[in-house]
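Values below: every heavy atom of this structure, side chains too, minus hydrogens, waters and symmetry copies. In this text, all values refer to a predicted model and were calculated from it rather than measured experimentally.
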Amino acid sequence: MRIITILVIVSTMTMLSISWSASRTTTKPKINGLLGPVPIPADNPQTPAKIKLGKQLYFDKRLSSNNTVSCATCHDPAEYWADRTPVSAGVMHRFGKRNSPTILNAAYSIPQFWDGRAIYLEKQAVGPVANPLEMDLAMPQLLARLNAIPGYRTQFRAVFGTDATEDNVPKAIASFERTIVNGNSPYDEYLRGNKKTMSKSALRGMRLFGGKAGCIDCHSGPYFSDSSYHNLGIGYKHGKYSDPGRFDVTKNQKDMGAFLTPTLRNVAKTPPYMHDGSVKTLIDVVNIYNRGGIPNPHLDPRIKPLHLTHGEKADLVAFMKSLTGKPVIVSPPPLPR
């Protein structure tokens with residue numbers, strides 16, 4: 001297990017304990033709490049120079065085989081660091097099969113990717129670079145390209161004491177991504193004491209979220225994710241799974257069709273939903289849960305019909321909208337030559 005040190009990004013952020021209960025009929029709403037300080041790996045401390053380098057790499061299309069795609073292409077700052085298409089287009093307009101999740105607040109996510117094949121941001125950061133459906137640039141070619149650019153070579157030597165390597169390129173990108181955080185939604189401000197930030201509908205939705213609807217069972221903690229994998233039946237048709245999900249990593253049948261619980265922070269700004277981007281709106285998401293998911297051999301046993309009324313479903317959506325923080329706008333930087 002890696003040793004984690006702490007960098008305080010927002011000094012006022014504190015952790016609130018999560019109230020758990022076996023009953024979904026309690027009248028006291030359970031809460032997820034506020035985001036705490038961003039966890040920083042001891043082997044990759046933040047420095048301004050490293051963050052600057054990572055920012056340049058994040059926006060640089062030269063990290064793709066044909067110089068047309070960057071990290072920001074599929075994780076766009078203007079779209080709350082996600083992509084509004086069901087699945088993103090990579091080089092040569094090739095399409096994968098999974099939706100691009102937001103990297104906003106991804107610093108709090110352990111593990112990474114829909115199937116959890118990477119644990120930390122460092123492993124996530126360069127995964128899409130080598131993927132032939134995304135950026136399609138193998139690591140040896142990536143390093144040769146970066147080290148042939150004088151500006152990058154100078155920066156890598158200043159930050160890491162060496163040229164670009166398989167180890168330090170993802171460290172730089174991850175360092176930048178750890179600065180892309182927000183914890184200033186109406187929900188957060190409500191917990192900090194400003195009781196005017198959430199509507200009556202959102203407050204009813206918060207009570208449902210932690211009670212009758214049971215959303216908090218999986219969307220738990222300040223990041224609104226239990227960092228685990230669940231099968232809702234999305235993509236299961238005619239006795240087949242369009243995507244095996246976590247099974248790809250574990251080869252365990254119990255993980256067939258299961259995917260990582262996504263954060264709900266800023267979720268109103270990052271449609272479409274689910275691992276394949278097949279669900280268009282938040283009310284559509286609620287309806288899937290309300291009917292107990294999609295029947296399949298590996299449906300998570302916790303997914304049961306909720307019997308929510310029309311008004312209750314609207315209140316849940318209002319609560320999820322209250323999790324929208326202020327946008328984190330970052331402009332593309334000048335790139336090394």
Side-chain angles (χ1 to χ4, degrees), residues 6-39 79-82 102-109 179-227 261-271 273 281-287 289-290 306-329:
I6 297 298
L7 172 68
V8 178
I9 297 295
V10 182
S11 62
T12 59
M13 287 183 177
T14 59
M15 294 291 287
L16 296 183
S17 61
I18 305 169
S19 172
W20 293 94
S21 171
S23 171
R24 293 185 177 181
T25 60
T26 178
T27 58
K28 182 179 180 180
K30 292 179 283 186
I31 57 174
N32 293 60
L34 299 169
L35 288 170
V38 173
E79 299 292 351
Y80 269 70
W81 301 82
T102 181
I103 68 148
L104 181 54
N105 294 321
Y108 295 96
S109 180
T179 69
I180 309 304
V181 297
N182 71 352
N184 48 21
S185 67
Y187 165 81
D188 295 306
E189 297 310 314
Y190 179 86
L191 293 187
R192 293 188 178 107
N194 185 350
K195 302 306 181 183
K196 297 181 180 180
T197 60
M198 290 178 65
S199 68
K200 290 181 180 179
S201 177
L203 290 172
R204 291 194 300 267
M206 183 171 69
R207 196 174 295 273
L208 287 162
F209 188 92
K212 177 181 177 180
C215 309
I216 201 171
D217 291 350
C218 298
H219 292 282
S220 55
Y223 184 62
F224 283 78
S225 171
D226 62 358
S227 300
T261 304
T263 181
L264 293 184
R265 285 185 171 275
N266 307 295
V267 68
K269 297 293 187 180
T270 58
Y273 304 108
T281 69
L282 286 176
I283 195 65
D284 292 333
V285 172
V286 173
N287 283 331
Y289 281 99
N290 194 48
L306 301 176
H307 308 293
L308 299 174
T309 67
H310 177 76
E312 287 173 331
K313 289 187 284 187
D315 288 341
L316 271 179
V317 170
F319 173 64
M320 287 188 280
K321 288 181 177 179
S322 79
L323 302 178
T324 304
K326 296 177 182 178
V328 179
I329 301 299

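Heavy-atom neighbours of Lys326 NZ from other residues, nucleotides or ligands within 6.0 Å: at or below the threshold of 12. Annotation: Lys321, atom NZ; neighbour count of heavy atoms from other residues, nucleotides and ligands within 6.0 Å does not exceed 12.
Residues Lys212 and His307 come closest through the heavy atom pair NZ-O, 3.2 Å. Across all non-hydrogen atoms, the minimal contact from Ala107 to Val38 is CB-CG1, 3.7 Å. Residues Leu316 and Ala213 come closest through the heavy atom pair CD1-CB, 3.8 Å.
Distance check, rounded to the nearest 0.5 Å: CG of Asn194 to CD of Glu189 gives 7.0 Å. Arg204 CZ to Glu312 CD: the interatomic distance, rounded to the nearest 0.5 Å, is 10.0 Å. Here the straight-line distance linking atom CD1 of Ile103 with atom CH2 of Trp81 works out to 5.5 Å at 0.5 Å rounding. Atom CD of Glu79 is separated from atom CG of Leu104 by 12.5 Å, given to the nearest 0.5 angstrom. Atom OH of residue Tyr108 and atom OG of residue Ser227 lie 13.5 Å apart, to the nearest 0.5 angstrom.
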List the steps and the verdict of side chain to side chain contact (heavy atoms under 4.5 Å, CB included) for Asn32 and Ile216. CA-CA 8 Å; Asn32 293 60; Ile216 201 171; 3.5 Å; yes
Open item on the list: Please determine whether side chain to side chain contact (heavy atoms under 4.5 Å, CB included) holds for the pair Thr263 and Asn105, giving the CA-CA distance in whole Å, both sets of side-chain angles, and the decisive distance to 0.1 Å.
Closed with: CA-CA 9 Å; Thr263 181; Asn105 294 321; 5.8 Å; no
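Remark: Asp226 engages His230, Thr261 in a side chain to side chain donor-acceptor pair (under 3.5 Å) (not counting sequence neighbours). Residues satisfying the ring-ring contact (aromatic ring centres under 6.0 Å, His included) test with Tyr223, not counting sequence neighbours, are none. Residues meeting the side-chain contact (heavy atoms from CB on, under 4.5 Å) test with Thr281, sequence neighbours left out: Ile283, Asp284. Under the side chain to side chain donor-acceptor pair (under 3.5 Å) criterion, Ser201 pairs with Asp315, sequence neighbours left out. Residues passing the ring-ring contact (aromatic ring centres under 6.0 Å, His included) test with Tyr80: none are found, sequence neighbours excluded.
Not a single donor-acceptor pair under 3.5 Å links the side chain of Ser322 to the backbone N or O of Pro186. Of the possible donor and acceptor atoms, one in the side chain of Asn290 sits under 3.5 Å from a partner among the backbone N and O of Leu308.
Counting heavy atoms from C-beta on, the side chains of Val285 and Met320 never come closer than 4.5 Å. Looking at Phe319 and Leu208, their side chains never come closer than 4.5 Å, going by heavy atoms from C-beta outward.
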Got a list of side-chain donor-acceptor pairs under 3.5 Å for residues 264-271, not counting sequence neighbours?
| unit_1 | atom_1 | unit_2 | atom_2 | d |
| --- | --- | --- | --- | --- |
| Arg265 | NE | Pro222 | O | 2.7 |
| Arg265 | NH1 | Asp188 | OD1 | 3.3 |
| Arg265 | NH1 | Asp188 | OD2 | 2.9 |
| Arg265 | NH2 | Asp188 | OD1 | 2.9 |
| Arg265 | NH2 | Pro222 | O | 3.3 |
| Asn266 | OD1 | Asn182 | ND2 | 3.1 |
| Asn266 | OD1 | Gly325 | N | 2.8 |
| Asn266 | ND2 | Asn182 | OD1 | 3.1 |
| Thr270 | OG1 | Val267 | O | 3.3 |

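The aromatic rings of His219 and Tyr289 sit perpendicular to each other, their planes meeting at more than 60°, with 30° as the lower class boundary.
Aromatic pair Phe209/Tyr187: ring centres not closer than 6.0 Å.
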